[in-house]
Amino acid sequence: MIQAIDLTKRYEDGLLALDHLNINIQPGQIYCLLGANGAGKTTTINLFFNFIEPTSGKALLNGKDCTREPLEAKQYAAYVSENVMLYGNFTARQNLDFFTKLAGRKNLSKEDYYMVMRQVGLPERAFEQRVKTFSKGMRQKLGIAIAILKQAPALLLDEPTSGLDPKAGAEFVELLLRLRGEGKAILMSTHDIFRAKEIADVVGIMKEGVLIMEKTKEDLKYEDLEKLYLKYMEVS
Amino acid sequence: MILHIVRKELLVNLLSMRFLAGFIVSALMMGIVGYVLVEDYAARVQKYLADVQEHREALAQTKVYSTIAVVVDIPPSPLSVFSRGSQDLPTSVLVSPYHTPSLIDEGGGTATIGLSGTSSQPGNPLLRMFSSIDLGFVISTILSLFAVLLVFDSFSGEREQGTLKMLLSSSTGRVHLFAGKFLGALLTLAIPLTVGFLEVMLLWALHPALSFGGSVWVSTGLIYLSSLMFLSGFLSLALLLSLYARESSSCLMYLLLGWVTVAVVIPAGAEFIADSVRPRGDRENMLSESANARREFLKVYESIEYRQIGSWNNVSLDPFAGESFLGITQEEALNRLAYNRKVVPMKFRYAEERYRAVESYAQSLRRWGRTRDNLMRPSLCVVYNNVVKAIAGTDIDSFDDAVQRARLYRGAMMAYLEPKSATPEWFTRVFEYPDVQPTESNQRYWQSLIEKQGERAVEKILSWDRVTALDLASMPSPAVGAPESAERAAHALPDGVILFASCLLFIALSIIRVLHYPLN
């Protein structure tokens, strides 16, 4: 569902942000990308949404090339950023309405929007509240609600739990697990090693644009991911 | 897809403080300026109608052909509310056998202006920029600034906030996103623009002294469309810069600099540059040529011997204009007629020579004006104002056309008058009123009348008031009026094409940029 084949990105200033990345995420699988700042995690997600163009290689969503057929490819994926930013003067429902219509979903009723907002754990009073009054956790949940309503089979999340309080973080993880249960393929970049170990089916560690380690949940069953991460980070 | 983005942009804009502030300022400005200019137009219409009546009555009172002077009044344009045009344009053109109308008149007629479409005193061009506040000015400055403030952070701001990634993570194409943003902003700007136009139309409709034909409404529609095109140009330019700026604040700074350049610096600077690229004609030279022609004419005029054989009184003589003799003997009138056969054609020729001297100066000013206009054309504001001026019929070309038509009319008038110059009615009516002749018997009679009834009785006999006016029914009538709306639209076409092409260019450049807009 989410596939990178020799995906490489070198920026105009010469920085090699991503070097021949190969990953393949199946439906019902959560893939956590770990790595320090500047390791290439965000670049990877940016390439899947064609926010930037790859230098070489391919990013595929459901087999569609994200560079050659970006609009078709993006139909299969939803995006949640580290800091979901929406239109502050719009209410939560108006934001949902706008983004789901952009995703091509029409004829959704007010109740449909309310149902999804309940599903992601937004309090009822927030449904018709302007988003500029929302906390970060509420905005992240609304971002997930948009992703759910898009009904995309793949979900790409760029450090979605960073800055969330423990309760909000736990609720967020619960949501992801539910989505995995529905068969979504999920790629999540994160700094949170413990959370990654908790939910990931596959963990990848990136360093200076290179995927230096990839292990499945089974591989990690008897290993300490934190130690492993620190070990890989120390290796020059 | 585009419609959703348009709707969102419209909503975001309408809910913003900047829209509220911009809307209030522009609606107020357009309302106030509209009210002042509609009142001003109504006053000018009253003056025009009074002038037409006065000039018609004066012409109907003409007693001899040589004093015929047709003053052609130019009606004020109802669309002057959108563009007042050059402030120093005259409202009438004099047509007479001794005066050929020209765009520049060195004092021979009522049409006395300094320069084609420019101030006669170079002075400070910055002051000239703001000398004419009309709706065109409000739209080209206030609304263009509003456009800049509305979209300066359209892309850079959304990128900073992070909403741009959310937008582009959906199946929205980048071109669709640009189109949606552009149309949303244009619709937002169309609100104050439409309100401004409605204010003017309401003022027109409510004014008791004003009523307009269909062509005014068509031209108003054209000005509205041109205004939308102008605002589109500004919006697409602002969006283009927003696509290049890394930060909204720097984008705003660049755009404000650009706005000052386009709205103030280029129009003001062009006049200075035009002066160095193509110097204006020398007015002193024109006046000197004109004075030479006058001297030459007088020399020849005075060399023609005139032997008076009879007497005259109540006479008006001017070598540069018509002449009228009431108290002249028929014998002397015939003698004068023979003299006139030599002198009158000379006077007609002198009028042409004087016109040529003036027209050569006018041509040099037209060339200078064209150079200046071309130098100004990189400014969208100037191009837009040119379009509005041309559609409103208040540009220098429309006035030039009116003068040109007056000149053509003079040709027809001269064809009618030249045969008349060989008749006594050219200068006298003594053959119809022989009792005004200063003959010995008449003078004896006047003396006795003075003794009996006083001097007033004789004055009555020798007054032009008792002479019936000439029948001028067969004289061609002037057909000088405001140009038709189609003609005005044709005048506006070159600048309209520039406006449209600029708009397309900025949109095309923005689309190219948006396709490669980095979101890292």
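A note on names: the letters A, B, ... follow the listed sequences, proteins ahead of strands, and every chain is numbered from 1.
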Bottom line for Asn83(A): the part with an atom under 4.5 Å from chain B's heavy atoms is neither
Honestly, the part of Lys9(A) sitting under 4.5 Å from a heavy atom of chain B is neither
With sequence neighbours left out, the residues meeting side chain to side chain contact (heavy atoms under 4.5 Å, CB included) with Ser56(A) are Thr8(A)
Expected contact set for residues 21-38 of chain A against chain B at heavy-atom separation under 4.5 Å reads none
**Report entry** Arg513(B), CZ atom: more than 12 neighbouring heavy atoms under 6.0 Å
**Finding:** yes
Under 4.5 Å to a heavy atom of chain B? For Gln94(A) that would be neither
Interatomic distance, NZ@Lys106(A) vs NE2@His4(B), rounded to 0.5 Å, equals 5.0 Å
Could you tell me whether Asn107(A) atom CG has more than 12 heavy atoms of other residues or ligands within 6.0 Å of it? no
With a cut-off of 6.0 Å (strictly less than), are more than 12 heavy atoms of other residues, nucleotides or ligands near NZ of Lys136(A)? yes
Filtered by a 4.5 Å non-hydrogen cutoff, the part of residues 166-178 of chain B contacting chain A is Met166(B), Leu167(B), Leu168(B), Ser169(B), Ser170(B), Ser171(B), Thr172(B), Gly173(B), Arg174(B)
task: Evaluate the side-chain proximity of Phe51(A) to Lys165(B): yes if any heavy-atom separation is below 4.5 Å, no if none is.
output: yes
task = Might you confirm whether atom OH of Tyr254(B) has over 12 heavy atoms from other residues, nucleotides or ligands at distances under 6.0 Å?
result = no
**Prompt:** Under 6.0 Å from the CZ atom of Phe500(B), do we count more than 12 heavy atoms belonging to anything else shown?
**Reply:** no
Whatever's closer than 4.5 Å to a heavy atom in chain B on Ala77(A) counts as backbone
Separation between CG (Asn95(A)) and OG1 (Thr163(B)), nearest 0.5 Å, reads 9.5 Å
- Message: Is it the case that over 12 heavy atoms from other parts of the model lie below 6.0 angstrom from the OH atom of Tyr224(B)?
- Response: yes
Query raised in the report: Are Leu102(A) and Ile5(B) close enough that some pair of their side-chain heavy atoms sits under 4.5 Å apart?
Result: yes
Residues of residues 142-155 of chain A with a heavy atom under 4.5 Å from any heavy atom of chain B, in residue-number order, are Ile146(A), Lys150(A)
### Query
How about Tyr87(A) and Glu158(B): do any of their side-chain heavy atoms sit closer than 4.5 Å?
yes
Cut-off 4.5 Å, heavy atoms of chain B, and the answer for Phe90(A) is side chain
